[in-house]
Structures are given as C-alpha cells and as structure tokens.
Amino acid sequence: MKKILFICLLCSILPIVTRAQAHITGQDAKVLQTYHDSLTRIGRRIINNPNEAERKNANYNFIRTLVSALKVNNSFAYEFDSLKTISILKSPDNKFRIFSWFVMNEDGSYRFYGAMQMNSPTLVLHPLEDYSPLLKNPEDSVTDNRKWYGAEYYKIIPVTGVSPYYVLLGWKGNNVKSTKKVIEVLSFKNGKPVFGSPVLQSKGKTRHRAVFEYSRQASMLLRYIPEQNLIVFDHLAPPDEKLKDQPNLYGPDFTYDGYQLMKGKWILKENLDMRNVPSAQDVDIEDPKKQALRDRSTIPVRRN
C-alpha cells in the first residue's frame with residue numbers, strides 16, 4: 001500500500017507547467033526556502049527516529065513536501081544546499097539532477113527512494129522506484145525508472161559521443177552482513193531515463209552495471225579519477241579461498257582495479273599502480289555516518 005502511495009505521490013506531478021527563467025526571485029525564493037526548512041527537519045526524523053514506522057511515515061511526508069517544492073517556478077535552480085540527509089546531484093551538463101536517499105528497515109536492510117528532475121521549460125520529474133529485491137541479475141539488466149536498482153549516488157560522470165550517457169557511482173547499503181556499491185549507467189530514450197547499458201567490459205564479459213558486495217565491517221574505495229578517465233576501486237577478496245562464495249565476508253586485499261574509458265567503453269584494468277592517488281578514502285563522498293547523521297545517537301547505521 002505504501003509503495004502505491006509513493007508512486008501516486010510522484011506521478012501526480014508529471015508534467016507540471018512552469019516558466020523557465022534564469023534565476024529564482026521574489027516570492028518563489030521565499031516559498032522554496034520554507035520548503036527547504038521543512039525538508040531539513042523531516043529528513044532528520046527519517047534518520048533519527050528509533051521507530052521504523054515513524055521513519056517511514058516521515059519519509060512519505062518528505063516525498064509530499066519535496067514534490068510540492070519542485071512544483072514552484074524555477075525550482076531546478078534552487079540548490080537545497082542545507083539538505084544533508086539525502087544526496088542531490090546535478091549533472092555536469094546541467095541537463096538533470098537526481099535526488100536519492102534511503103530509509104533503514106528494522107532488520108538492518110535499506111530501501112532506496114529517488115527522483116530525477118529534468119532541466120526543461122516544463123517541470124518533468126521521473127520517480128525512481130527501488131526494484132532491487134526483484135532484479136535477479138542486476139549486472140545484466142536494462143531497466144527504467146520503475147525498476148530502478150536503488151542507490152544513493154555521489155558522482156555523475158558524463159560520457160560524450162554518438163550515443164551519450166552518464167555513469168553514476170553509488171552507495172547501496174544491503175543488510176546486517178554486507179554492503180554494496182554500484183557503478184550504474186544512465187541514458188535517455190525519448191526523454192525518459194534508461195538504467196543499464198553494455199559498456200563495462202572485463203575478461204570477455206560485458207556488464208550493464210557493476211555491483212560490488214563486501215563485509216559490512218569493511219570500507220571500499222570507488223572513485224573517479226578524471227585526469228585518467230578511470231574509475232578505480234578496491235579489489236575485493238575473501239579472507240580464505242574456501243569462502244569465495246560468501247561475498248558478505250569479502251574485503252579489500254590492498255590491490256586496485258579500475259574501469260578506463262576507451263572509445264566510449266569502460267575497459268577493466270587490473271593491478272593498478274595507485275601510488276599517485278592521494279588517499280585511500282573515497283573522496284567523492286564524505287563518510288555518510290558523519291555527513292547525514294551528525295547528531296544521530298539512536299540507530300546504528302553503517303554506510304561504508
């Protein structure tokens with residue numbers, strides 16, 4: 001029932017006519033600031049409330065408030081820069097932005113929520129519906145916004161060419177045993193988002209997206225190095241070869257692999273020399289335990 005409510009809330013705003021202007025002025029700015037303040041307060045309740053039902057109720061209130069805010073004229077230009085409990089990423093070419101966030105379930109798992117706002121004369125917002133539990137082969141799947149492989153994104157990498165697309169790096173909390181990160185591929189067809197594309201190539205296999213799973217006690221590097229057109233990541237391995245079928249026990253083995261952009265495709269490069277990388281931390285996203293949960297004291301959320 002709640003999923004139906006979520007879909008109805010987001011679908012209710014498609015499309016809404018607004019006047020595209022370069023700047024937000026006057027009353028619109030005041031209205032957006034009011035919504036901004038409300039979203040900030042509600043977002044804290046999504047994170048901090050110890051009761052799962054209350055967190056989910058706060059989330060649906062958040063969705064309603066966000067939809068109302070985005071109906072305001074010229075909302076695409078509004079930064080929501082104090083809203084730290086969710087990720088808001090604008091594409092480098094200024095064509096769209098993605099809102100993405102999560103709600104933690106009582107069992108330690110996560111459900112992701114999101115929306116994609118296009119920069120257009122009319123307000124177009126594509127709801128992102130987390131379909132993760134039903135995607136049996138996510139690395140081989142092409143989906144739309146209704147079957148989204150949910151994640152909280154922290155980087156957008158545009159790839160130009162005859163068929164331009166974007167690569168998204170995201171954190172995807174999994175369960176009490178393991179965490180996931182994802183390299184997602186986003187393109188557009190007839191103005192609508194398409195997730196997944198056969199552009200990740202490794203060892204004779206082509207993937208539509210890359211999913212990394214590792215122990216919840218570990219941290220994994222996944223970042224983009226623009227100077228080298230390279231997405232670098234920790235090589236994950238089990239503590240013992242006998243445990244290779246248990247990804248919840250995997251962790252970094254102090255070597256690095258990466259996908260390097262070559263002629264529109266991302267080619268796997270193994271055993272990279274990472275001595276010139278300034279830090280082994282993922283500098284593209286602040287540790288979310290510190291970022292979004294600074295005043296949290298009740299619910300233990302791990303987002304490594």
Side-chain angles (χ1 to χ4, degrees), residues 44 46-52 55 84-87 100-113 130 132-133 135-136 138-139 149-155 168-184 202 207 209-225 231-259 268 270-272 274-275 277-304:
R44 291 195 186 107
I46 294 173
I47 297 299
N48 291 324
N49 198 298
N51 182 275
E52 179 181 23
R55 294 195 299 274
K84 302 299 184 182
T85 53
I86 72 171
S87 167
S100 58
W101 70 94
F102 70 92
V103 176
M104 183 181 177
N105 298 315
E106 199 66 36
D107 63 2
S109 63
Y110 301 83
R111 183 170 183 82
F112 289 85
Y113 296 82
D130 191 353
S132 303
L135 278 180
K136 302 304 181 183
E139 293 193 325
Y149 192 63
E152 185 174 89
Y153 299 122
Y154 58 87
K155 189 69 175 180
L168 312 176
L169 305 185
W171 175 89
K172 185 175 177 61
N174 192 35
N175 54 42
V176 294
K177 293 184 178 180
S178 68
T179 300
K180 292 181 179 180
K181 284 192 175 180
V182 60
I183 302 175
E184 180 64 89
S202 61
R207 293 182 172 89
R209 68 178 53 79
V211 181
F212 306 90
E213 183 175 2
Y214 53 96
S215 169
R216 190 158 175 168
Q217 305 304 316
S219 296
M220 179 193 170
L221 169 76
L222 176 63
R223 60 169 291 202
Y224 177 57
I225 304 176
I231 300 171
V232 64
F233 48 88
D234 280 301
H235 184 270
L236 301 174
D240 188 292
E241 188 62 23
K242 296 178 182 179
L243 303 173
K244 63 181 181 179
D245 295 327
Q246 299 184 49
N248 61 290
L249 298 177
Y250 277 45
D253 66 359
F254 305 105
T255 64
Y256 301 93
D257 300 329
Y259 282 105
L268 181 67
E270 297 182 302
N271 297 313
L272 296 173
M274 299 304 294
R275 287 175 293 182
V277 174
S279 172
Q281 299 298 317
D282 193 336
V283 298
D284 291 321
I285 183 170
E286 182 183 357
D287 183 341
K289 290 177 291 185
K290 299 177 182 178
Q291 176 194 36
L293 318 177
R294 294 187 190 280
D295 59 346
R296 184 182 185 85
S297 60
T298 55
I299 304 172
V301 178
R302 296 184 59 87
R303 298 180 58 194
N304 290 322

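This chain uses plain numbering: 1 for the first residue, then up along the sequence.
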Which heavy atom of Asn175 sits nearest to which heavy atom of Arg216, and what is that distance?
O-NH1, 2.6 Å
Output the distance between atom CG (Asn248) and atom OG1 (Thr179), rounded to the nearest 0.5 Å.
10.5 Å
Which atom of Glu213 lies closest to which atom of Asn174, heavy atoms considered
OE2-ND2, 3.4 Å
Minimal heavy-atom distance between Gly173 and Tyr110, with the atoms involved, is C-CD1, 3.4 Å
Contact check, side chains of Gln246 and Pro238, non-hydrogen atoms, under 4.5 Å
no
Enter the distance from Arg111:CZ to Arg55:CZ here, rounded to the nearest 0.5 Å.
14.5 Å
If we ignore hydrogens and angles and just use 3.5 Å, is the side chain of Asp234 paired with the main-chain N or O of Met220 as donor and acceptor?
no
Separation between CZ of Phe102 and CH2 of Trp171, rounded to the nearest 0.5 Å
5.0 Å
Taken in chain and number order and not counting sequence neighbours, the residues that satisfy ring pair (Phe, Tyr, Trp, His ring centres under 6.0 Å) with Tyr149 are none
Quick one: OG on Ser87 to CH2 on Trp101, what's the gap to the nearest 0.5 Å?
10.5 Å
Determine whether Leu221 and Phe233 make a side-chain contact, defined as any pair of heavy atoms from C-beta on separated by less than 4.5 Å.
no
Residues in side-chain contact (heavy atoms from CB on, under 4.5 Å) with Asn271, at least two apart?
Thr255
Under the criterion side chain to side chain contact (heavy atoms under 4.5 Å, CB included), I'd like the reasoning laid out for Ile46 against Thr85: C-alpha separation, chi angles, the key distance, then a yes or no.
CA-CA 8 Å; Ile46 294 173; Thr85 53; over 6 Å; no
Can you spot which of Ser215, Ser178, Pro239 makes a side chain to side chain contact (heavy atoms under 4.5 Å, CB included) with Leu249?
Pro239
Check for a donor-acceptor pair, side chain of Tyr250 on one end and backbone N or O of Lys244 on the other, with a separation under 3.5 Å.
yes
May I ask you to test the Leu236-Asp253 pair for a side-chain heavy-atom distance under 4.5 Å?
no
Closest approach of Ser132 to Lys172 (non-hydrogen atoms, all atoms of both residues):
OG-NZ, 2.6 Å
Say you draw a straight line from NZ of Lys181 to OH of Tyr154; how long is it, rounded to the nearest 0.5 Å?
4.0 Å
Test your reading of the model: is there a side-chain donor-acceptor pair from Asn105 to the backbone of Asp107, 3.5 Å cut-off?
no
Between Gly108 and Val176, what is the shortest heavy-atom contact and its length?
CA-CG1, 3.8 Å
Results of side chain to side chain donor-acceptor pair (under 3.5 Å) for Asp245 - residues two or more places apart only
none
Correct closest heavy-atom pair for Phe212 and Leu222 would be CE1-CD1, 4.4 Å
For Arg209, does its backbone N or O pair with a side-chain atom of Glu184 as donor and acceptor, under 3.5 Å?
no
Value rounded to 0.5 Å, distance of CG in Asp130 from CG in Leu135
9.0 Å
